[in-house]
> 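Got a structure for you, questions after.
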Amino acid sequence: MTPALELKNVSKTYQLRQSGGFFARTTDHLAVNNVSLTLPRNQILGLVGESGSGKTTTGMMAMRLVEPSAGQILVDGTDITALGHAALKPFRRKMQVVFQDSYSALDPMMTLAQIVAEPLHIHGLGTASEQTEQALEMLVKTGLDRSYGNRYPHELSGGQRQRVAIARALILRPQVLVADEPTSALDVSVKAQIINLLLDLQAEMGLSILFISHDLSVVRSLTDKVAVMFQGRIVEEAPTETIFTDARHPYTRSLLDAIPVLNPRERRARTFLSRVQIEAATPRLSGQDGTPELHDIAPGHRLEAIR
Amino acid sequence: MTLLNIENLTVSFPQHDGVVQAVRGVSLRVSPGESIGIVGESGSGKSVTCMAALRLLREPPSRIVADRLELGGVDMLRAGRTQLAAVRGRIAAMVFQDPMTAFDPVFTIGHQIVETIRAHRDLSKSAATTEAAALLARVEIKTPDAILNSYPHQLSGGMLQRAMIAMALSCRPQILFADEPTTALDVTIQAQILHLIKQLQAELGMALIMVTHDLGVVAETVDRVVVMYGGRVMETAPVQDIFDAPLHPYTQALMASMPGRTPGKQRLIEIAGASPNPANPPTGCPFHPRCAVADAQCAAEAPAFRALSESRAAACWRLA
């Protein structure tokens with residue numbers, strides 16, 4: 001079956017100005033370097049890595065919210081990389097996004113019903129009263145009752161605002177949801193609620209979710225597959241439990257090792273690797289030298305290694 | 001001897017439409033060298049408790065009332081400006097969540113550390129600079145001199161947090177308040193900073209108060225845990241007991257909702273509802289609207305915080 005979303009050799013280069021005033025030279029910074037990802041239908045793919053690893057840029061490129069410098073983006077098998085504004089619009093319906101900071105993502109001057117109905121309005125779906133009715137139903141689906149329709153974002157808690165953001169993203173019944181750290185700003189007791197909501201809606205609506213996060217504990221509970229980004233590259237990708245039990249790349253291992261223990265009894269000494277040490281420890285599949293590349297080492301398990 | 005002694009602390013902030021009671025009757029004792037974790041969600045009063053202990057809140061608007069508030073033997077409720085200045089830095093120091101806003105962007109790191117040292121200790125500028133470099137080396141910064149000459153925006157979050165810890169240690173405090181010191185950091189950097197704080201605490205024999213919402217941070221760093229909710233202390237126990245046998249229903253629910261405890265994609269055990277609004281807290285026990293075992297008594301009257309054994313205490317009618 002055609003994957004819901006596919007990134008093929010996608011890169012993003014930003015030009016950085018060096019200091020030196022008017023005659024300053026620019027240097028290229030490769031924020032995302034030749035990333036290929038497949039999001040199968042009805043699955044949740046976790047994209048993890050530290051800040052600056054390029055995971056958010058990758059997510060934004062998948063939505064065409066950031067233009068890729070190279071590579072292709074396929075939604076439902078159609079290449080949308082070069083589509084113009086008008087041609088892209090029908091595809092925008094198929095992909096939606098939820099951000100970390102739900103406070104700045106919601107217009108403070110609009111009621112929740114207006115916020116959730118806005119995508120329907122933009123795409124001209126239904127009459128105004130139908131749009132409002134659908135928005136209220138969507139609010140109920142995300143765990144807020146209909147009375148919330150007349151409220152404003154500032155009246156809500158962080159968890160409730162994130163529910164509204166999810167309701168707005170899903171009202172167009174998209175195939176793909178990019179969720180960029182949607183639980184990072186939430187309290188511990190509310191985080192579980194939002195994770196459960198995403199799991200329920202994914203199953204119910206047949207969603208495919210690209211879940212961007214630095215929280216590996218959340219990723220373990222929520223995702224089917226995990227891709228690990230390091231310095232703009234994908235260095236390892238595998239089914240979630242394989243990542244947690246049989247990680248091969250030194251960066252993946254250092255990320256896993258850094259997760260705080262779940263019980264004080266498991267306290268342990270850790271060794272911290274620098275970037276240079278991680279690069280130097282790139283796995284070798286044979287004794288030879290070469291450039292590191294992604295290789296399939298087991299079904300569904302890709303590893304950046306020197307062959 | 002008790003280093004920090006708080007009895008029945010209440011902190012309130014008057015608003016145009018009522019009073020926000022951020023802390024409602026918190027008692028806490030910390031002995032020299034002890035490490036305590038204060039766990040709670042946003043609005044639980046954990047940060048405000050620490051800010052009040054150091055009298056860092058602006059009064060008014062805030063109002064601090066307590067039966068006792070002593071830090072290093074100083075009565076913090078009656079201490080004047082100079083006495084407070086002597087306590088801050090020398091007896092107690094604080095590390096904040098966001099090192100970017102804690103440093104002044106227009107001065108170098110070195111300038112700010114030297115300024116702190118000289119405010120509290122009678123050292124020449126060059127001696128203080130040498131001391132600052134030694135402190136940066138102490139927090140495992142490999143190029144102290146380069147960092148001394150850097151401005152905050154030139155450093156990464158992890159590096160800035162190290163510099164802030166160095167600054168906090170500059171007057172050899174007896175107790176370090178660390179308020180979510182790793183929340184803004186990546187998981188690998190978090191592990192390094194927690195390791196550093198633990199190591200320094202052991203070496204210097206400092207007491208530590210680690211304020212966090214993250215049970216993992218608590219599991220990594222402290223000996224004793226204080227669980228706060230809705231401005232009150234719900235439970236306190238040695239760290240291993242909190243994880244092995246939490247007693248308070250809130251602590252139990254919090255533990256059960258931690259993601260990643262068992263392998264595999266799965267729904268989590270959630271706590272229904274949201275944290276109480278501090279401007280309009282529920283009557284009785286603040287957790288009763290979300291509690292699975294609450295009854296009419298819980299809604300009517302707040303349970304007293306009482307000892308359950310030599311090392312454990314909780315505020316819950318069900319545990320009486």
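Residue numbers start from 1 in every chain, and the chains themselves are labelled A, B, ... in the order their sequence lines are given, proteins ahead of strands. Side-chain atoms are counted along with the backbone in the values below, which use heavy atoms only and exclude waters and symmetry mates.
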> Most heavy-atom pairs under 4.5 angstrom with chain A, which of B:Met258, B:Arg290, B:Gln192, B:Met255?
B:Gln192
> Only one of A:Val226, A:Ile195, A:Leu198 passes side chain to side chain contact (heavy atoms under 4.5 Å, CB included) with A:Phe211; say which it is.
A:Leu198
> How are the rings of B:His248 and B:Tyr250 set to each other: parallel, tilted or perpendicular (split at 30° and 60°)?
perpendicular
> How long is the straight-line distance from CG of B:Leu247 back to OG1 of B:Thr236, given to the nearest 0.5 Å?
11.0 Å
> Out of B:Thr183, B:Ile242, B:Val222, B:Ile269, return the one with the most heavy atom pairs under 4.5 angstrom to chain A.
B:Val222
> So for B:Ala272, is it side chain, backbone, both, or neither that comes closer than 4.5 Å to the heavy atoms of chain A?
backbone
> Return the minimal non-hydrogen interatomic distance between A:Thr282 and A:Glu279, and the atom names on each side.
OG1-O, 2.6 Å
> Could you tell me which portion of B:Thr221 (side chain, backbone, both or neither) has an atom closer than 4.5 angstrom to a non-hydrogen atom of chain A?
backbone
> Which heavy atom of A:Pro250 sits nearest a heavy atom of A:Ile278, and at what distance?
CG-O, 3.7 Å
> Check each atom of A:Thr240 against the heavy atoms of chain B and say whether the ones under 4.5 Å are side chain, backbone, both or neither.
neither
> Flag the one option from A:Arg265, A:Arg270, A:Arg268 with the top tally of heavy-atom pairs under 4.5 Å to chain B.
A:Arg265
> Might you point out which heavy atoms bring B:Pro276 and B:Gly230 nearest each other, and give the distance in Å?
CG-CA, 3.9 Å
> Can you tell me which of B:Ala219, B:Ala191, B:Gly216 forms the most heavy-atom pairs within a distance under 4.5 Å of chain A?
B:Ala219
> Which residue out of B:Ser257, B:Gly264, B:Ser275 racks up the most heavy-atom pairs below 4.5 Å with chain A?
B:Gly264
> If we ignore hydrogens and angles and just use 3.5 Å, is the side chain of B:Asp186 paired with the main-chain N or O of B:Thr188 as donor and acceptor?
no
> Does any heavy atom of chain A fall under 4.5 Å from the side chain of B:Glu220, the backbone, both, or neither of them?
both
> Starting at NZ of B:Lys46, measure out to CG of B:Asp179 and round the result to the nearest 0.5 Å.
7.0 Å
> Among A:Glu50, A:Arg267, A:Arg220, who wins on heavy-atom pairs under 4.5 Å with chain B?
A:Arg267
> Looking at chain B, which one of A:Asn263, A:Asp257, A:Asn196 has the largest number of heavy-atom pairs inside 4.5 Å, strictly under?
A:Asn196
> Name the region of A:Glu241, side chain, backbone, both or neither, that has any atom closer than 4.5 Å to a heavy atom of chain B.
side chain
> Relative to chain A, which segment of B:His195 carries a heavy atom at a distance below 4.5 Å: side chain, backbone, both, or neither?
side chain
> Test B:Glu34 against B:Arg224 for salt bridge (charged side-chain N to carboxylate O under 4.0 Å, His left out), laying out the working first.
CA-CA 8 Å; B:Glu34 209 183 355; B:Arg224 192 155 66 88; 2.9 Å; yes
> Heavy-atom cut-off 4.5 Å, strictly under: side chain, backbone, both or neither for B:Leu194 against chain A?
neither
> Heavy atoms only, distances under 4.5 angstrom: which of B:Arg261, B:His213, B:Gln240 has the most pairs with chain A? Name it, please.
B:Gln240
> Measure distances from A:Leu199 to the heavy atoms of chain B and classify the residue's part below 4.5 Å as side chain, backbone, both or neither.
side chain
> Taking all atoms of both residues into account, what is the closest heavy-atom pair of B:Thr212 and B:Asp214, and its distance?
OG1-N, 2.9 Å
